Amino acid sequence: MSEPEADAKPNILITGTPGAGKSYLCERIASELQFEWLDCSKIAKENNFVEEYDEEYDCPILDEEKLMDHLEPLMAKGGNVVEYHGCDFFPERWFQAVFVVTCPNTTLYDRLKDRNYNEKKLTSNIQCEIFGTILEEARDSYKSDIVFELKGETKADAHISLKTVKNWYRMWKRK
């Protein structure tokens with residue numbers, strides 16, 4: 001990638017298991033750094049980027065191609081903070097940083113239970129966090145020097161995570 005222009009902004013991916021604290025962090029990044037917050041689940045729902053509905057897990061199946069076609073022109077502009085619970089299908093060239101939000105299982109369990117996740121979906125997401133699936137997916141899909149792990153258990157963790165992203169952005173602008 002070429003040198004960033006003086007007013008250019010990078011694209012940042014915030015990923016992690018549902019309930020880990022991605023939205024809370026994205027909202028603050030968008031507000032404090034003046035980034036455009038692209039919540040992929042919300043975009044998919046609003047634009048009907050759904051292939052089918054998974055009855056077993058009680059959730060829609062994302063049409064990744066339609067979502068990526070929609071995001072492509074937005075990503076070309078830069079200055080986006082993209083939120084999604086998966087990361088391996090996005091083009092590597094889209095992101096200058098990938099932050100994976102993690103959360104202890106007991107906290108995650110309570111958050112997902114509060115969202116009324118069915119038992120199968122809840123168990124699947126907890127196992128995903130136990131095995132570090134999203135972090136591994138990020139490390140397998142992007143260069144190691146742009147993948148960072150953040151904690152999302154408490155508001156204090158979120159504050160530290162926001163500080164980490166802001167520090168990364170400050171360093172990125174100096175390149």
Side-chain angles (χ1 to χ4, degrees), residues 1 9-33 35-44 57 59-62 64 67-68 71 74-75 78-115 117 121-173 175:
M1 193 166 175
K9 287 185 176 177
N11 290 314
I12 296 170
L13 175 61
I14 305 292
T15 189
T17 306
K22 298 179 302 296
S23 296
Y24 186 84
L25 181 60
C26 286
E27 183 179 15
R28 277 142 194 84
I29 292 168
S31 170
E32 294 189 27
L33 297 178
F35 274 62
E36 190 67 33
W37 177 12
L38 302 175
D39 177 342
C40 291
S41 294
K42 186 177 172 192
I43 292 168
Y57 285 95
C59 65
I61 305 295
L62 175 68
E64 296 170 359
L67 175 67
M68 290 196 300
L71 292 178
L74 303 172
M75 298 305 288
N80 299 295
V81 58
V82 176
E83 173 188 356
Y84 196 60
H85 57 264
C87 65
D88 60 348
F89 64 90
F90 293 115
E92 187 178 356
R93 63 183 159 74
W94 277 6
F95 301 107
Q96 287 69 54
V98 176
F99 293 93
V100 182
V101 184
T102 62
C103 184
N105 304 325
T106 50
T107 304
L108 192 61
Y109 182 89
D110 292 342
R111 289 177 184 173
L112 298 180
K113 200 77 170 152
D114 287 346
R115 293 181 181 186
Y117 274 35
K121 187 175 179 180
L122 197 139
T123 301
S124 174
N125 279 289
I126 294 296
Q127 287 176 344
C128 191
E129 190 66 17
I130 288 170
F131 296 120
T133 305
I134 308 293
L135 184 58
E136 184 178 327
E137 191 178 282
R139 288 179 174 152
D140 288 347
S141 302
Y142 302 93
K143 293 184 185 108
S144 60
D145 63 336
I146 71 161
V147 177
F148 307 90
E149 182 179 359
L150 303 173
K151 302 292 179 211
E153 180 179 17
T154 64
K155 295 284 188 255
D157 288 338
H159 181 74
I160 292 165
S161 293
L162 178 60
K163 215 173 182 174
T164 301
V165 173
K166 287 165 97 174
N167 286 338
W168 173 86
Y169 180 49
R170 224 180 340 274
M171 295 304 290
W172 181 87
K173 287 197 303 188
K175 285 184 179 177

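Nothing here was measured: the structure is a model prediction, and the numbers come from that model.
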* **Value rounded to 0.5 Å, distance of CD1 in Ile12 from CG in Leu38** => 11.5 Å

* Could you tell me whether the side chain of Leu71 reaches within less than 4.5 Å of the side chain of Cys40, counting heavy atoms only? => yes

* Could you grab the distance from atom NZ of Lys22 to atom CG of Leu13, nearest 0.5 Å is fine? => 10.0 Å

* To do: Test Glu129 against Thr102 for side-chain contact (heavy atoms from CB on, under 4.5 Å), laying out the working first.
  => CA-CA 7 Å; Glu129 190 66 17; Thr102 62; 3.3 Å; yes

* At their closest point, which heavy atom of Leu62 faces which heavy atom of Ala44, and how far apart are they? -> CD1-CB, 3.5 Å

* Are the side chains of Cys26 and Phe35 in touch, meaning some heavy atoms are under 4.5 Å apart? -> no

* Could you pull out all residues at least two apart from Tyr117 that satisfy ring-ring contact (aromatic ring centres under 6.0 Å, His included)? => none

* Value rounded to 0.5 Å, distance of CD1 in Ile134 from SG in Cys128 -> 4.0 Å

* Asked: If you look only at pairs with a residue in residues 153-171, which of them pass as a salt bridge (Lys or Arg N to Asp or Glu O under 4.0 Å), with sequence neighbours excluded?
  -> Glu32-Lys166

* Quick one: which of Trp94, Phe95, Phe89 gives a ring pair (Phe, Tyr, Trp, His ring centres under 6.0 Å) with Tyr84? -> Phe89

* Structure fact -> Residue set satisfying side chain to side chain donor-acceptor pair (under 3.5 Å) with Lys121, at least two apart, ordered chain then number -> none

* **Distance in Å, Lys151 NZ paired with Thr164 OG1, rounded so as to fall on 0.5 Å steps** => 11.0 Å

* To do: Specify the closest pair of heavy atoms between Ala158 and Leu25, including all atoms of both residues, with the distance to one decimal.
  => O-CD1, 4.1 Å

* To do: Could you tell me whether the side chain of Asn125 reaches within less than 4.5 Å of the side chain of His85, counting heavy atoms only?
  => no

* To do: Find the distance between OG (Ser144) and CD1 (Ile146) and round it off to the nearest 0.5 Å.
  => 9.0 Å

* To do: Only counting residues at least two apart or in another chain, list the ones meeting side chain to side chain donor-acceptor pair (under 3.5 Å) with Asn11.
  => Asn80

* Between Thr15 (side chain) and Val101 (backbone), is there a donor-acceptor pair under 3.5 Å? -> no

* **Flag side-chain contact, heavy atom, 4.5 Å: Thr17 against Cys103** => no

* Can Met68 and Met75 be said to form a side-chain contact (heavy atoms from CB on, under 4.5 Å), step by step? -> CA-CA 10 Å; Met68 290 196 300; Met75 298 305 288; over 6 Å; no

* Does Glu27 offer a backbone N or O that forms a donor-acceptor pair with the side chain of Ser31 under 3.5 Å? -> no

* Asked: Relative to each other, are the rings of Trp168 and Phe99 parallel, tilted or perpendicular (30° and 60° limits)?
  -> perpendicular

* Structure fact -> Glu83 meets the side chain to side chain donor-acceptor pair (under 3.5 Å) criterion, sequence neighbours left out, with Ser23, Trp37

* Structure fact -> Of all heavy-atom pairs linking Pro10 and Tyr169, the shortest is CD-CE1, 3.4 Å

* Structure fact -> The reported gap from OH in Tyr24 to CD1 in Ile29 (rounded to nearest 0.5 angstrom) is 12.0 Å

* Shortest non-hydrogen contact from Pro18 to Leu112? -> O-CD2, 3.3 Å

* **Sequence neighbours excluded - salt bridge (Lys or Arg N to Asp or Glu O under 4.0 Å) pairs with any residue from residues 132-142** => none

* Ser161 side chain reached by Arg28 side chain, heavy atoms, under 4.5 Å -> no

